[in-house]
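Since the structure comes first, as structure tokens, the remarks are kept for the end.
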2 protein chains.
Amino acid sequence: MPIVKTTYKDQVVDHVYQLLLQGELGPGDQLKESLLAKQMGISRAPIREAMKELIMNGLVDYRPQVGNFIPVLSPKQIIDSYTTRGVLEGYAIMATCEQFSAEEVDKLENLTAQMGSYAEKKNHKMVVETGGEFHDLLISKNDNVQLLEYTDRLSLKLHILFFKYWGKLYSPAEIGRRHREIVDSIKSGDRNLIEKVVRQHYHETGSKIATLEI
Amino acid sequence: MPIVKTTYKDQVVDHVYQLLLQGELGPGDQLKESLLAKQMGISRAPIREAMKELIMNGLVDYRPQVGNFIPVLSPKQIIDSYTTRGVLEGYAIMATCEQFSAEEVDKLENLTAQMGSYAEKKNHKMVVETGGEFHDLLISKNDNVQLLEYTDRLSLKLHILFFKYWGKLYSPAEIGRRHREIVDSIKSGDRNLIEKVVRQHYHETGSKIATLEI
DNA sequence: ATGCTGTTCAATGTCGACAATCGACGCGGA
DNA sequence: TCCGCGTCGATTGTCGACATTGAACAGCAT
């Protein structure tokens, strides 16, 4: 039984995540401290604490003396965010690519196959879950805390803001091709290629989402 | 006359920056809200707001229910931070390298010469200032807001935590060589080279500082 | 001497109220 | 009609006080 010491601030953060994931909060919406406080039966103090954390993670824009808003990202900002993610994760994976054992490469290939299978069945939930496992294994070798902090923040932000597109972005064939490409680059041992492939993957994902968001 | 709307929170942030730059605050020190509030003649509310901003910029570590502390970075963490900076800025510069005009390249070379000159005279202050100008010009072409946000944060953090070493890191000859190397890579137009040179520069800087910090 | 336990105190977590400020609205004049 | 200005309401900024929690210390048992 995990004893979870949960402070009000953390509850507020989770609450806002839920609101975003359930679509009750969308781009441009304002998060009013008093309203949130009343809804949750607490004071504004922990709300403000939570806002700072959300701002830190890029899920809330802060305008002094005005309020906190769910960010409205322009197409360019979407692409830039994914580009940045590609830069960070591309490096993280490139720098550790020779640490993958044969078993782990097998695992990556299995996950790719599973993802294609789920995609065929239009089981988007499992596609996303399997994709997450694939992704986590890829960057799991890196231990640069500073870099991981930034990638985690960015992943969380993009995941929550654009999760609704995850299922519709790529055809099953494309999903397979893209992930195979990454695995193949790792098997090749060509570090430059690995970094390039990862960067391109995220850049294209960003571009696709940007077009869908207009 | 610039009308600067300065809130208490911003004053607190600046105050802590000053304490850090003046050496009155160092790694491991705790920032006690009540104490800061009393010193500045304000309540704890804006102090807490400021803490969040400092945490966001990596200049303060937050331990729930315990307090806020100036981070103590291990040698590896120092190297990792500089490595990450190299990854981000290396990409930023590489992606925009063909946008530099001949005049701007000249400017970079002039700044390099000036830096060497100041270094010879042991004018560390001007070395740092000129180096900052060099650096700012290099990344000025990039307009990826997400990436710039991360690089700015990281630059600020590393600048404030390690500013004391800036003058003593490299010999005048090394300073010249390093910056010429970067300018040359830009003149060559070899994107891979540019990124590699920038990454290596920051990695080596991090390594040097890490050894000095022990 | 060592390790556990309860107490104490200082620091953070939370609260409700008041002050300062921004944005919207409506009025009046060109 | 359009633009500038002042008022007003709603929201954030700040405050002092109280509640809660973590860490250090003393005392006891082993």
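Protein chains get the first letters and strands the later ones, always in sequence-line order, with residue 1 at the start of each. All values reported here derive from a predicted model rather than from experimental measurement.
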Closest listed nucleotide, where the reference is the side chain of B:Gln65 and the choices are D:dG22, D:dT14, D:dT12 = D:dG22
ask   = Quick one: B:Ile42 CD1 to D:dG13 P, roughly how many Å, whole number?
value = 14 Å
request  = With DNA chain C as reference, determine whether A:Pro64 or A:Gly41 sits nearer its 5' end, using the nearest nucleotide of each.
outcome  = A:Gly41
remark   = Rounded to whole Å, NZ of B:Lys38 lies from P of C:dA10 at a distance of 11 Å
request  = Starting from C1' on D:dC15, measure out to CG on B:Leu36 and report it in whole angstrom.
outcome  = 17 Å
query = Nearest to the side chain of A:Val66, which nucleotide is it out of D:dG13, C:dT14, C:dG23?
reply = C:dG23
Interatomic distance where CD belongs to A:Glu33 and C1' belongs to C:dC15 [whole Å] = 14 Å
query = For B:Arg44 and D:dA19, what is the distance between atoms CZ and P respectively, to the nearest whole Å?
reply = 14 Å
Base D:dG22 to side chain B:Arg63, donor-acceptor N/O within 3.5 Å cut-off = no
request  = Give A:Leu31 one of three labels, base, sugar-phosphate or nothing, depending on what nucleic acid heavy atoms sit under 4.0 Å from its own.
outcome  = sugar-phosphate
query = Counting just side-chain N and O atoms, does A:Ser34 come under 4.0 Å of either OP1 or OP2 of D:dA10?
reply = no
query = Between atom OH in B:Tyr8 and atom C1' in D:dG13, what is the gap in whole Å?
reply = 10 Å
key: Separation of atom NZ in A:Lys9 from atom C1' in C:dT14, rounded to whole Å   = 13 Å
message = I need the CG-P distance between A:Asn68 and D:dT12, as an integer number of Å.
response = 7 Å
task = Could you please name the option among D:dG13, D:dT14, D:dA23 that lies closest to any side-chain atom of B:Ser43?
result = D:dT14
query = Any side-chain heavy atom of B:Glu104 sitting closer than 4.5 Å to one from B:Leu108?
reply = no
request  = Report the relative orientation of the aromatic rings in B:Tyr202 and B:His135; use parallel for angles under 30°, tilted for 30 to 60°, perpendicular for over 60°.
outcome  = perpendicular
request  = Quick one: label A:Gln30 by what it contacts on the DNA or RNA (base, sugar-phosphate, nothing), any heavy atom closer than 4.0 Å.
outcome  = sugar-phosphate
ask   = When the ring planes of A:Phe162 and A:Tyr82 are compared, do they come out parallel, tilted or perpendicular, using 30° and 60° as the limits?
value = tilted
